[in-house]
2 protein chains.
Amino acid sequence: MMRPTIKNVAAEAGVSTATVSYVLAGRTKGKGSGISIETSRRVHEAAHKLGYRPNQAARTIRTGRSNLMMLSLTMLSDPWSLSVSKAVGAAVSAEGITPMILADTDWRKAIPRQGADVIFIDDAAQAGDAELLAELSRSNSLVVFSETLEPNGFDVIRSMAGPSLDLAMDHLTARHRRIAVLTTKSSLGAKSPARLEAYRDGMKRAGLPELVAAFDGDELNAYAAAVELLSRPDPPTAIFAISDYAAIAAIHAAQRLRLSVPDDLEVIGVGNTTQGEVMTPSLSSVGPVGFFTRLADVLVERALNPHAPHRAVDFPWQVLLRDSSPEFSQDLQDPKREVKK
Amino acid sequence: MMRPTIKNVAAEAGVSTATVSYVLAGRTKGKGSGISIETSRRVHEAAHKLGYRPNQAARTIRTGRSNLMMLSLTMLSDPWSLSVSKAVGAAVSAEGITPMILADTDWRKAIPRQGADVIFIDDAAQAGDAELLAELSRSNSLVVFSETLEPNGFDVIRSMAGPSLDLAMDHLTARHRRIAVLTTKSSLGAKSPARLEAYRDGMKRAGLPELVAAFDGDELNAYAAAVELLSRPDPPTAIFAISDYAAIAAIHAAQRLRLSVPDDLEVIGVGNTTQGEVMTPSLSSVGPVGFFTRLADVLVERALNPHAPHRAVDFPWQVLLRDSSPEFSQDLQDPKREVKK
DNA sequence: ATGAAAGCGCTAACAC
DNA sequence: GTGTTAGCGCTTTCAT
C-alpha cells in the first residue's frame, strides 16, 4: 500500500536508481547518454507494473524547480480573474508548467507557505507591500500587478490607466449631471486606487457633486449597493464602476429595476474583460487591449528565465464604448463600437 | 542571494538545526519539550533577520503532508466552480490547509505531476476513469464528483439528480410544446450524462419532438448556440439547459433578441448555483440544496483524516422555480418561490 | 534543555 | 552503458 519509489522500480527492473531516473527523464535516445533500448524497456515496464508516480516534492527539492505557476487572484469571481486564468492556461500548455490558482486569499499570509517557480500577484497596493514583495522575491520569481510599485527584485505589470480614465470621465460629465461611482469600500486594496481618484477629479473638473456608492466584498454586494443607489429618489443617470464586475452587477441591478441600459442609465466599467464584452447589453469599459495575452507571456517568460532582469511592463488603456453607453462618440480614441460575433 | 535555510538560521543563532526546527514548529511552550525561552527568542530573531522561509517541498518530503488541497475544476467560468471554490475557501481557512485550483485542465494529464493531500475532481465520467482513479488513489486522497462511479479507494460525491430532473421536465412539458435542450456536444464529459437523458425521456413521455442545441466548450459558445436556436423561424418557448452557466447564457441570448424571460421563454438550468440565484431574472434551476457547504466539509474531513473509510455521499435534488419560470407551481416539491434579499 | 545524525525520494556528477 | 554516491532542506528519534 506504500507508494512505490524509484528504488522499488530499480529493484523490480534489476537496475540502479540512477538508471531509472535517466530512463524516466527520457534521456535514453540522446547520443551522449547511453541507456540500452532493452534496459529502458524493462524500466518502463517495471514502473508501469508498480504504478510508480514520481514524487514531485522530492524532485522539487533536488532540482529547485517545481514547474508550478501560482496565480494569486484576490477575487476569483471577478471576470478579470477568469480572463487571467484563461490566458495563462493557454500560454503555459506547451511549456510543461502547471498553473495553480490561489483564490480569494490574502497572498500576504498564504504565499510564504507555497513553493512555485513564479507567482503572479494581482493586488499589491497596501502599505508595506513593497518591502514584503522584495523579501519574498528572494525565494520566488514574482510578477506583480500594481499601479504604484516599481520593479525591485520582481516584475511589475502596470496599467497606464490615468489618461483613459480621465477621458471616460469627461465622456460621462459631458452627457450627465448625476454620475455615481460604484466602488469597493477599501479602494486602497484591489486594482483600483487610481480609479476612484479619476472619478473625483473628473467630477471636480466638471463642477459636479460626487455620488459615491461603496460596497464591501464581491459582486453580490456590488449588486445590492447598485440596487440601493438606483432606488433613491433622485437616481444617477450614469454609473462609473470601479471594475467590470461591479459594472455588470450595476447593469443587472438596473434590469431588475426595469431601467433601460443605456437609455435610463449609462454604465462604464474598468478592466475590459471578456465577460463584459459578451454580455447583453455589452459593457462599455476602459481598459487595456490585448492585456491578458501579454500578461500570460510575461509570466511564461519569467518562468522559463528566472534570472532575466526585472522590468516594468506598461499597458496603454483605451475607452471602449459598447452598448451600455448611449451613443457613438467621435471624441474618444478608438471609437469604433465593437460588434459581437 | 541564496535563500536562507534552517542551517543558516541555526548558525546565526548559535544553536543546532534541530533546535531551530523545534522552535519554528512552536513546540517551545509544551511541558514535555523544553526549549529555553531565551534560545527560542534568539532563534526567532535570527530567522527574522535572515528572512527565513521554510522550504515547503523539503517539509513535504519529510512529513508526507503538503497541507494542500487541490480542486480540479473543469470549467472555471462555470458558476458551479466558483461556488465550489468559495465554499471550500470558507471551510478550510481554520485548518491550515491551502486550497489550490487547477482550472480548465484535464486532470487525467495534470494530476500525476502534483502533490496535494487531497484532490477534488469535478468530472469523472469517461471510460477508464474508474481504473485511473483507483490507481491515483494510491498516492493521494481523492474525492470525486460523479454520477456513475462507486467509491474504490476514493470518496464519491453523488447527486441524486434523476427524480428532480424528471420533475422539471414534466413541469416543462405540461406548459410548452416546443422545448429545446441546450447541451454540450460531449455530454459524456462534464457533470451531465444523466441530464440529457432526462430531457429525452421527458420529451418521450410527453410525446413531444426533441429539439437539441449542442455547443462545444464554454459559455460564449453556449450563448452563440442559444442565439441561433432562438433565431429560428419556429423558436422554442422553453429551454432546458444542461447547466446553470448554459442557462444563464440562454437568458442573455433571449435578452439580446428582445425576448422576455419568462413570458416568451422559460428557462431552467441545472446546478442551483448562486450566480443563477442572484441574476435578473433569477434562474430556475434543478439542483442540490446545501451542496457546496457539504462538499467542502467532506473535503476537509478527508484532508484531516486520510485513512477514514471511503464512502459515497448522496445529495437529494430539488426543483427550484424562480423568475425565469412563469408561474408558481403547486406540483413541485419545495415550491416556495425564492425571494432575493 | 539541546545536539548529532539518520533519512524522506530524487537527481546529477563522476566512476567504472 | 550503468552504478555509486553525495546531497537538496527538513523533521525526528535518540543521546547526552
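In what follows, chains carry the letters A, B, and so on, assigned in the order in which the sequence lines appear, proteins first and then strands, with residues in each chain numbered from 1.
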**Asked** Which parts of nucleotides 11-16 of chain D does protein reach within less than 4.0 Å, heavy atoms only, written one letter per nucleotide 5' to 3' as B for base, S for sugar-phosphate only and - for none?
**Response** BBB---
**Distance, rounded to the nearest Å, where N67(A) contributes CG and dT11(C) contributes C1'** = 14 Å
**Request:** Mind listing the closest non-hydrogen atom pair of A124(A) and L149(A) along with its distance?
**Result:** CB-CD1, 3.9 Å
**Sidechain N-carboxylate O distance under 4.0 Å for R311(A), E301(A)** = yes
**Message:** Output the rounded distance in Å from NZ (K7(A)) to P (dG3(D)).
**Reply:** 15 Å
**Message:** Just the rounded figure in Å: distance from P of dG9(D) to CG of L50(B).
**Reply:** 14 Å
**Request:** Measure the CD1-CG distance between I121(A) and D155(A) for me, rounded to the nearest 0.5 Å.
**Result:** 11.5 Å
**Asked** In whole angstroms, how far is the P atom of dC8(C) from the CD atom of Q56(B)?
**Response** 20 Å
**Item:** Salt bridge present between D297(B) and R302(B) (N-O < 4.0 angstrom)
**Value:** no
**Asked** Of the nucleotides dC10(C), dG1(D), dA4(C), which one has an atom closest to the side chain of S16(B)?
**Response** dA4(C)
**Whole angstrom value for the distance that separates P of dC8(C) from CZ of R53(A)** = 22 Å
**Asked** What is the distance, rounded to the nearest whole Å, between atom CG of N55(A) and atom C1' of dC8(D)?
**Response** 13 Å
**Request:** Assess the pair W80(B) and F145(B): is the distance between their ring centroids shorter than 6.0 Å?
**Result:** yes
**Item:** Residue mapping more 5' on DNA chain D - nearest nucleotide basis, V15(A) or A57(B)
**Value:** V15(A)
**Asked** Going by atom types alone, do S77(B) and D218(B) pair a side-chain donor with an acceptor below 3.5 Å?
**Response** no
**Message:** Is the phosphate of dA1(C) approached by T39(B) (side-chain N or O, under 4.0 Å from OP1 or OP2)?
**Reply:** no
**Item:** Atom-pair distance (CD1 on I61(B); C1' on dC10(C)), nearest Å
**Value:** 7 Å
